Amino acid sequence: MKAGKRELIITIVKKGYGDTVLEASMKAGAEGGTVLFGRGIGIHEKKKIMGLRIEPEKEIVLTATPPDMTKTILDAIVKEARLGVPGMGIAFTVPINSFVGVVHAQLEESSENTSDQSGD
């Protein structure tokens, strides 16, 4: 696949909000997503019990999307997961240089290349 055909939205939210992110992204046009579990701490999460720091559990949602859909999907995630509220999470995007393993995306790319070569 050509470089620049997909972007990755990475959303890191509190445990339990991964499904909210997935649902918002799918309603906005994403074709799917992957949820990973992690732990970490931000400035709004410095909790301690008996002097021991607690590292809150996180859900990391990965959403690969065509570049023209990224803003719409990201805006939906921000709204539904309430990422404007301190301590709720963070989302950012990175370009994907290579993208394989999603057959329907590869077929779309192949048909675009064929029509480009035929002079359409």
Side-chain angles (χ1 to χ4, degrees):
M1 288 208 147
K2 291 181 184 175
K5 286 292 185 178
R6 291 287 187 271
E7 291 184 352
L8 183 64
I9 301 172
I10 302 169
T11 310
I12 304 169
V13 291
K14 291 180 177 184
K15 183 179 178 184
Y17 281 83
D19 286 340
T20 301
V21 171
L22 279 176
E23 289 171 14
S25 64
M26 297 287 285
K27 285 180 186 175
E31 296 173 342
T34 301
V35 178
L36 306 170
F37 297 96
R39 57 191 172 109
I41 192 162
I43 62 170
H44 297 284
E45 300 168 315
K46 295 180 180 176
K47 297 180 182 175
K48 291 184 180 183
I49 294 180
M50 297 175 60
L52 299 173
R53 179 175 288 167
I54 306 258
E55 292 185 26
E57 293 178 337
K58 304 289 182 186
E59 292 183 11
I60 302 122
V61 183
L62 307 176
T63 309
T65 179
D68 61 336
M69 294 292 298
T70 301
K71 182 171 179 4
T72 300
I73 294 168
L74 184 59
D75 288 347
I77 291 169
V78 169
K79 180 180 177 186
E80 292 300 317
R82 300 177 32 218
L83 297 184
V85 175
M88 290 300 291
I90 185 173
F92 55 94
T93 65
V94 295
I96 297 175
N97 294 322
S98 298
F99 187 79
V100 297
V102 180
V103 176
H104 68 274
Q106 290 172 320
L107 292 174
E108 288 171 12
E109 170 93 10
S110 178
S111 71
E112 286 174 11
N113 286 342
T114 303
S115 60
D116 288 346
Q117 292 173 1
S118 66
D120 290 338

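Since the model is a prediction, treat every value here as computed from it, not as a measurement.
For the atom pair Thr11 OG1 and Phe92 CZ, the distance stands at 8.5 Å (nearest 0.5 Å).
Connection of Leu83 to Val21 is established within a shared hydrophobic cluster, with ILVMFWY side chains joined at heavy-atom distances below 4.5 Å, either directly or through further cluster members. Cluster membership check: Val78 shares its hydrophobic cluster with Val85, using side-chain heavy-atom separations under 4.5 Å among Ile, Leu, Val, Met, Phe, Trp and Tyr. The same ILVMFWY cluster, assembled from side-chain heavy atoms under 4.5 Å apart, contains both Val35 and Tyr17.
Contact between Thr63 and Ala30 at its shortest, heavy atoms only, is CG2-CB, 3.8 Å. Shown here for Leu74 and Ala91, the closest heavy-atom pair between the two residues is CD1-CB, 3.7 Å. Ala28 approaches Ala76 most closely through the heavy-atom pair CB-CB, 3.6 Å. In terms of heavy atoms, Met26 sits closest to Glu31 at SD-C, 3.7 Å. For the pair Leu8 and Ala64, the tightest heavy-atom approach, listed with the atom from each and the gap, is CD1-N, 3.9 Å. Scanning all heavy atoms of the two residues, the minimum distance from Glu59 to Gly16 falls at OE2-N, 2.8 Å.
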Task: Stepwise side-chain contact (heavy atoms from CB on, under 4.5 Å) check, Ile77 with Val61 - done: CA-CA 10 Å; Ile77 291 169; Val61 183; over 6 Å; no

* **Intermediate values then yes/no, side-chain contact (heavy atoms from CB on, under 4.5 Å), Phe37 and Lys58** => CA-CA 6 Å; Phe37 297 96; Lys58 304 289 182 186; over 6 Å; no

Point to revise | Evaluation steps, salt bridge (Lys or Arg N to Asp or Glu O under 4.0 Å), between Asp75 and Lys79 | key: CA-CA 6 Å; Asp75 288 347; Lys79 180 180 177 186; over 6 Å; no

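Proximity of Ile10 to Leu62: side-chain heavy atoms (C-beta onward) are separated by under 4.5 Å at one or more points. Contact of the Thr20 side chain with the Val13 side chain is not registered, since no non-hydrogen atoms from C-beta on lie closer than 4.5 Å.
Counting only N and O atoms by type, the side chains of Thr70 and Glu7 include a donor and acceptor under 3.5 Å apart.
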